[in-house]
Amino acid sequence: MGPEQWEARLREIAPELIEEISARKEPAKGLQPLEGTEGGVVMRFAPNPNGPPTLGSARGIIINSEYVKMYGGKFILRFDDTDPVNKRPMIEAYDWYIEDCRWLGAEPHEIVAASQRVEKYYEVAEALIRRGGAYVCLCEQAAFKSLKDAAMPCPHRDHTVDENMELWNKMLDGSFKEGEAVLRVKTDIKHKDPAIRDWAGFRIVTKSHPLVGDRYRVWPLLDFESAVEDHLLGVTHILRGKDLIDSERRQRYLYDHMGWVYPRVLHWGRVKIFQFGAFSTSKLRKAIEAGEYSGWDDPRLPTVRAVRRRGITAEALRKFMIDLGVGETDISISMDSIYAENRRIVDPIANRRFFVWDPVEIEIEGDVPEVAEAPLHPTIDRGTRKIRAGNRVLLCREDVVELKPGSMIRLKDLCNIEIKEVSPLRAELIDLSPETAKRLRLRIIHWAPVDGIPVRVLGPERIDTGIGEHGISDELDRIVQFERYGFVRIDSVGEEVVAYFAHR
RNA sequence: GCUCCGGUAGUGUAGCCAGGUCAAUCAUUCCGGCCUUUCGAGCCGAAGACUCGGGUUCAAAUCCCGACCGGAGCACCA
């Protein structure tokens, strides 16, 4: 029976199945559904606050919070700040995360910091020791590694519960120095994957912590802290990078020892952004400290605060991240897609303004109006703005270089002119009518008043300076479109206007 | 070396679990046209992909095996 006969036969005996087959392949919209969501979900975003949120963090914040919006429940912001040395938290970054979560439309329902809950981890550690699920290991790091790689237990693995309790208390009371003892979670020392074998749950760190100072000298490692917190917070679904894919397998041993139920887990791959390349918070931090960037919101940086300053909207970011979804493949994304989303959102709300970069003065003979009146938006009626004009205005050098005596152009919303001389640049007024320009198919270029306001545009790739129409000063903190240039956010006004470039 | 995961247009993404209407979705990008007092926006159109090889099946992007390619973990980092 061939496919056609098969279908004919099926149509005879069970036509409803044909519809079912077709219906199932409808394209999915938005995020993929989660399983086990009856009664809502509890999800967390768990960064180490060693810098501000990046676009990578934004993905975590947005997707987690979006699922909570979909199913109801709780979105938790949890600081996994348990390393005062290698990935030392920044005290300002705690607030940055809260701030950026809010801005991204992901107000956390609960905020916790691991460093303030170390006591709770101690309780679990002790319970775990009593259940025989953990032991204090006094091996040197390298010595343990070779044993582990050979699937051999270390001598401390057989300690009794009492011995372990005693050693654990000695870890806590300061009898051991840094590096002399760790608490290991007992898994399967012969596990076929070496990554799973008896992992360290606590180590001794004497350096003071930016948030809690010298309160603790025994600190949990990520796998321990995160496993315990997820349980304590009642997390139902975990979304984490696939670099943490082994965490689940490690942590399940802890859960089994304690009789807990492990949350459902989804992983995603690494994200690389073309325009920024691979970036890590620690690398950025070094570059900033070295003065290579003006700060964490330098327009060249892929941080949430930097793109916000440039006028990228939270809505665009949300839309983009949700569209991206959750996949285990490593991906390279282009800012172009984010820009496209943002343009859609910003285009209807952004006023149009003239900004002339690299300005050149032109003298126009004739009755040029002293003031031009131009619409604030080309298609939405939002009224007009007045721009000072007259017989001398400024043009962009890149437009000027194309002019020859005899060239005719239209100055947008002002007049049509014919070039008489290029150096110095001089022209004669033809008339004011847009119809003339249309009929003669004149190039339409923008311009600025000679006494306009100095503007500096800081962008991810370059800085442009020039002169803009005066009305730009009224647009503080708003997103405007500099005609024939692109969308910018007006960052400060004064003697000079500083704008941050978003995209074309 | 040991363990695990993934590979759909330039870039992302849907479809894969439950094989058939998949000549494969949507977006972005690029190209062409229309429109427009911006090189913007909008509208219309076009291009462009199931990594490869076997197997199972009437039927494979979908299931199985292998290869290749890519990624991750094997820290007293997160």
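Every chain is numbered from 1 and lettered A, B, ... according to where its sequence line falls, protein lines coming before strand lines. Below, all heavy atoms of this structure are taken into account, side chains as well, without hydrogens, waters or symmetry copies. Remember, predicted model here, so these are calculated numbers, not experimental data.
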Any idea which of B:A78, B:C74, B:A41 is nearest the A:Ala195 side chain?
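For the A:Ala195 side chain, the nearest candidate turns out to be B:C74.
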RNA chain B: stems of at least 3 consecutive Watson-Crick or G-U pairs, cut-off 3.5 Å?
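If one scans RNA chain B for consecutive Watson-Crick or G-U pairs, the stems found are B:1-7 with B:68-74, B:10-12 with B:26-28, B:31-34 with B:42-45, B:51-55 with B:63-67.
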Going by the salt bridge (charged side-chain N to carboxylate O under 4.0 Å, His left out) test, which pairs reach into residues 333-352 of chain A, not counting sequence neighbours?
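Matches after skipping sequence neighbours: A:Lys319-A:Glu341, A:Glu341-A:Arg344, A:Asp347-A:Arg352.
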Any pair with a residue in residues 180-208 of chain A that passes salt bridge (charged side-chain N to carboxylate O under 4.0 Å, His left out), sequence neighbours left out, goes on the list, sorted by first then second residue, please.
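Every salt bridge (charged side-chain N to carboxylate O under 4.0 Å, His left out) pair that includes a residue of residues 180-208 of chain A, provided the two are not neighbours, is A:Asp83-A:Arg203, A:Arg157-A:Asp198.
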Quick one: list whatever passes salt bridge (Lys or Arg N to Asp or Glu O under 4.0 Å) with [X], sequence neighbours left out.
| X | value |
| --- | --- |
| A:Arg285 | A:Glu289 |
| A:Glu461 | none |
| A:Lys145 | A:Asp149 |

Using the 3.5 Å cut-off, write out each protein N or O paired with an N or O of nucleotides 63-68 of chain B and the distance between them.
none

Closest-nucleotide mapping onto RNA chain B: is A:Asp193 or A:Asp323 further toward the 5' terminus? I mean the 5' end.
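The answer here is A:Asp193.
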Could you list the donor-acceptor pairs under 3.5 angstrom formed by side chains in residues 394-402 of chain A, with sequence neighbours left out?
| from | atom 1 | to | atom 2 | distance (Å) |
| --- | --- | --- | --- | --- |
| A:Arg397 | NE | A:Asp358 | OD1 | 3.4 |
| A:Glu398 | OE1 | A:Trp357 | NE1 | 3.0 |
| A:Asp399 | OD1 | A:Arg443 | NH2 | 2.9 |
| A:Asp399 | OD1 | A:Arg484 | NH2 | 3.1 |
| A:Asp399 | OD2 | A:Arg484 | NH1 | 3.0 |

Residues which pass side chain to side chain contact (heavy atoms under 4.5 Å, CB included) with A:His231, listed by chain and number, not counting sequence neighbours:
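With sequence neighbours excluded, A:His231 shows a side chain to side chain contact (heavy atoms under 4.5 Å, CB included) to A:Tyr255, A:Trp260, given in chain and number order.
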Side chain to side chain contact (heavy atoms under 4.5 Å, CB included) involving A:Leu233 - partner list, sequence neighbours excluded
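Scan of A:Leu233 (side chain to side chain contact (heavy atoms under 4.5 Å, CB included), adjacent residues dropped) gives A:Ile76, A:Arg78, A:Glu110, A:Val112, A:Arg117, A:Glu229, A:Val235.
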What is the distance, to the nearest angstrom, from the CD1 atom on A:Ile338 to the P atom on B:A27?
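One finds 18 Å between P of B:A27 and CD1 of A:Ile338, rounded.
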Looking for any heavy atom pair under 4.0 Å, which part of the strands does A:Thr379 touch: base, sugar-phosphate only, or nothing?
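No contact.
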Heavy atom of residues 138-150 of chain A under 4.0 Å from RNA chain B: which residues?
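Output list: A:Cys139, A:Gln141, A:Lys145, A:Lys148.
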Examine B:A78: is either OP1 or OP2 under 4.0 Å from a nitrogen or oxygen in the side chain of A:Arg240? Give yes or no.
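Indeed not, no polar side-chain atom of A:Arg240 lies that close.
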Nucleotides 5-8 of chain B: which of its N/O atoms have a protein N/O under 3.5 Å away?
| from | atom 1 | to | atom 2 | distance (Å) |
| --- | --- | --- | --- | --- |
| B:C5 | O2' | A:Glu328 | OE1 | 2.4 |

